[in-house]
Amino acid sequence: MKILVADDHTLIREALRHVLKELGDDVTVIEAQDGGSACRLVEEHPDLDLLLLDLNLPGTSGFATLAELRRDHAALPVVILSGQEDGATMRAALDGGAMGFIPK
């Protein structure tokens, strides 16, 4: 399983990498610190199984990144990670094509 974690906080990426590696020896975790890097890595790794995407990324909004990914890589499952836990943000993420929402 290959998972991309896109979050601008190094500690969050490290913690998620540690937890995800516990899923098994066949788990590969790739990391991006901004939306542009996330989109490039999705292009470079067409075999991704999951993208965990923070909504607050430098350079672009997570919603813009989500929209771009839904347009160009509709089959890639995207789950949003966010410190924003309000219902409107969650609904917007799911309506925008996210498969799930995980509050930080």
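The analysis underlying the following values was restricted to heavy atoms, covering all of them including side chains, and did not include hydrogens, waters or symmetry mates. We count residues from 1, following the sequence as given.
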Would you check if the side chain of Asp54 reaches a backbone N or O of Leu57 as a donor-acceptor pair within less than 3.5 Å? no
Counting only pairs under 3.5 Å, give me each side-chain donor-acceptor contact of residues 27-38, with atom names and distances, residues two or more places apart or in other chains.
unit_1	atom_1	unit_2	atom_2	d
Glu31	OE1	Arg13	NE	3.1
Glu31	OE1	Arg17	NH1	3.4
Glu31	OE2	Arg17	NH1	2.0
Asp34	OD1	Gly36	N	3.2
Asp34	OD1	Ser37	N	2.7
Asp34	OD1	Ser37	OG	2.9
Ser37	OG	Arg40	NH2	3.1

If you round to the nearest 0.5 Å, how far is [atom2] of [Y] from [atom1] of [X]?
{"X": "Leu50", "Y": "Leu4", "atom1": "CG", "atom2": "CG", "value": "8.5 Å"}
{"X": "Leu69", "Y": "Glu43", "atom1": "CG", "atom2": "CD", "value": "9.0 Å"}
{"X": "Lys21", "Y": "Ile3", "atom1": "NZ", "atom2": "CD1", "value": "9.5 Å"}

Which heavy-atom pair separates [X] from [Y] by the least distance, and what is that distance?
{"X": "Ala93", "Y": "Phe101", "result": "CB-CD1, 3.9 Å"}
{"X": "Ala64", "Y": "Ser61", "result": "N-OG, 2.9 Å"}
{"X": "Met90", "Y": "Pro103", "result": "CE-CG, 4.5 Å"}
{"X": "Cys39", "Y": "Thr65", "result": "SG-CG2, 3.9 Å"}

Run the side-chain contact (heavy atoms from CB on, under 4.5 Å) check on Glu85 and Lys104 step by step: do they pass? CA-CA 8 Å; Glu85 300 179 38; Lys104 288 187 194 176; over 6 Å; no
Side chains of Thr89 and Phe63 in contact at under 4.5 Å (non-hydrogen atoms):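 When only atoms from C-beta onward are counted, Phe63 and Thr89 do touch, with a gap below 4.5 Å.
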May I ask you to test the Leu52-Asp7 pair for a side-chain heavy-atom distance under 4.5 Å?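 Contact flag for Leu52/Asp7 side chains = no.
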Side chains of residues 76-84: which donor-acceptor partners sit under 3.5 Å, not counting sequence neighbours?
unit_1	atom_1	unit_2	atom_2	d
Ser82	OG	Gln84	N	2.9

Test salt bridge (Lys or Arg N to Asp or Glu O under 4.0 Å) on Asp49 and Lys2; report intermediate values, then the result. CA-CA 5 Å; Asp49 295 298; Lys2 190 182 278 191; over 6 Å; no
Is there a chain of hydrophobic side chains (I, L, V, M, F, W, Y, each step under 4.5 Å between heavy atoms) that links Leu16 to Leu53? no
Transitive ILVMFWY side-chain link Val5 to Met1, under 4.5 Å: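 In one cluster: yes.
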Could you tell me which residues satisfy side chain to side chain donor-acceptor pair (under 3.5 Å) with Arg91, sequence neighbours excluded, listed by chain and number?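 So Arg91 forms no side chain to side chain donor-acceptor pair (under 3.5 Å) with any residue.
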Going through the checks in order, is the side-chain contact (heavy atoms from CB on, under 4.5 Å) test met by Leu48 and Val42? CA-CA 7 Å; Leu48 283 172; Val42 168; 3.9 Å; yes
